[in-house]
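Working notes, structure below.
Just so we're on the same page: letters track the sequence lines, and every chain starts at 1.
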Amino acid sequence: MKEALKEQVTTVMARIPEGRVTTYGTIARMTEGATARSVGYVLRTLPAGHDLPWFRIVRSGGVLADHGGADDQRRRLQDEGIVFDERGRIPARFFWP
DNA sequence: GACTTGACCACGG
DNA sequence: ACCGTGGCCAAGT
């Protein structure tokens with residue numbers, strides 16, 4: 001496991017503002033040496049019940065990534081005021097940065 | 001070491 | 001707008 005990668009990804013993740021989302025690729029570009037795929041890998045391996053806002057990370061294009069917690073993710077984002085359009089995508093105005 | 005598997009992405013047709 | 005395709009990289013077999 002690459003600890004440096006995990007640390008960088010979680011650091012960026014922790015500063016996503018409430019009520020906004022960001023993408024795997026954006027996080028990858030904000031870090032050194034991470035790629036979109038490796039960001040997904042880190043999220044998958046995070047322990048359950050951690051305090052990081054993993055649910056604010058979506059795919060490029062505003063669609064939720066395909067994983068077991070997607071339903072929870074959608075609920076939690078809606079609780080923060082994020083809106084999904086008729087095709088299930090999050091409009092660009094919710095993206096951070 | 002070779003090959004497969006993902007919470008991915010950009011791009012061309 | 002909807003597919004392929006190739007690139008990506010850490011882990012697991």
Side-chain angles (χ1 to χ4, degrees):
Chain A
M1 172 88 164
K2 284 204 165 184
E3 282 304 317
L5 173 64
K6 180 158 109 183
E7 185 184 340
Q8 287 184 97
V9 169
T10 53
T11 298
V12 174
M13 194 181 350
R15 13 184 241 264
I16 308 172
E18 188 175 328
R20 312 290 295 287
V21 296
T22 193
T23 71
Y24 295 86
T26 300
I27 291 182
R29 275 174 294 222
M30 288 194 254
T31 58
E32 291 291 331
T35 64
R37 268 204 119 98
S38 55
V39 173
Y41 168 77
V42 171
L43 263 60
R44 195 189 67 194
T45 56
L46 286 174
H50 60 72
D51 47 345
L52 295 163
W54 59 271
F55 50 87
R56 300 195 184 120
I57 303 179
V58 303
R59 288 215 279 220
S60 158
V63 174
L64 297 191
D66 179 17
H67 63 99
D71 291 331
D72 285 342
Q73 181 174 16
R74 178 165 178 135
R75 266 195 303 279
R76 299 194 59 172
L77 291 174
Q78 288 174 331
D79 286 349
E80 288 192 344
I82 289 173
V83 176
F84 291 77
D85 69 15
E86 55 286 337
R87 297 191 201 201
R89 294 178 338 227
I90 298 171
R93 64 176 181 279
F94 292 108
F95 281 50
W96 176 83

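Here C:dC2 presents its P atom at 13 Å from CZ of A:Arg59, a figure rounded to the nearest Å. The CG atom of A:Leu43 sits 18 Å away from the P atom of C:dC9 (whole-angstrom rounding). For A:Leu77 and B:dA7, the CG to C1' distance is 13 Å, given to the nearest whole Å. One can place CZ of A:Arg37 at 13 Å from C1' of C:dT5, the figure rounded to the nearest angstrom. Atom-to-atom, CD1 of A:Ile27 to P of B:dC8 comes out at 12 Å; the value is rounded to the nearest Å. A:Asp66 has its CG atom 14 Å from the C1' atom of B:dT5, to the nearest Å. Atom CG in A:Leu64 sits about 11 Å away from atom P in B:dC8, given to the nearest Å. For the pair A:Arg44 CZ and C:dC8 C1', the computed distance is 15 Å after rounding to whole Å.
With distances taken from any side-chain atom of A:Lys2 to the nucleotides C:dA10, B:dC9, C:dA1, the minimum falls on C:dA10.
Salt bridge status for A:Arg74 with A:Asp71: absent, with no side-chain N to carboxylate O gap under 4.0 Å.
Proximity of A:Thr45 to the phosphate of C:dA11: no side-chain N or O atom is located under 4.0 Å from OP1 or OP2. Within the 4.0 Å cut-off from OP1 or OP2 of B:dA7, not a single side-chain nitrogen or oxygen of A:Tyr41 is found.
In terms of position along DNA chain C, the nucleotide closest to A:Arg89 lies nearer the 5' end than the nucleotide closest to the other residue of the pair A:Gly33 and A:Arg89.
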Apply the test side-chain contact (heavy atoms from CB on, under 4.5 Å) to residues A:Phe94 and A:Glu80: give CA-CA distance (whole Å), side-chain angles for both, the deciding distance (0.1 Å), then the verdict. CA-CA 11 Å; A:Phe94 292 108; A:Glu80 288 192 344; over 6 Å; no

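Residues A:Leu43 and A:Met13 approach most closely at CD1-CE, 3.9 Å, considering heavy atoms. Taking both residues in full, the closest heavy atoms of A:Ile90 and A:Phe95 are given as O-CE1, 3.4 Å, listed atom of the first, atom of the second, then distance.
If you check every strand for non-hydrogen atoms under 4.0 Å, A:Leu5 touches sugar and phosphate atoms only.
When the P atom is compared between C:dG6 and B:dA7, the two are found 22 Å apart, to the nearest whole Å.
In A:Asp66, the CG atom is not crowded: 12 or fewer heavy atoms of neighbouring residues, nucleotides or ligands sit closer than 6.0 Å.
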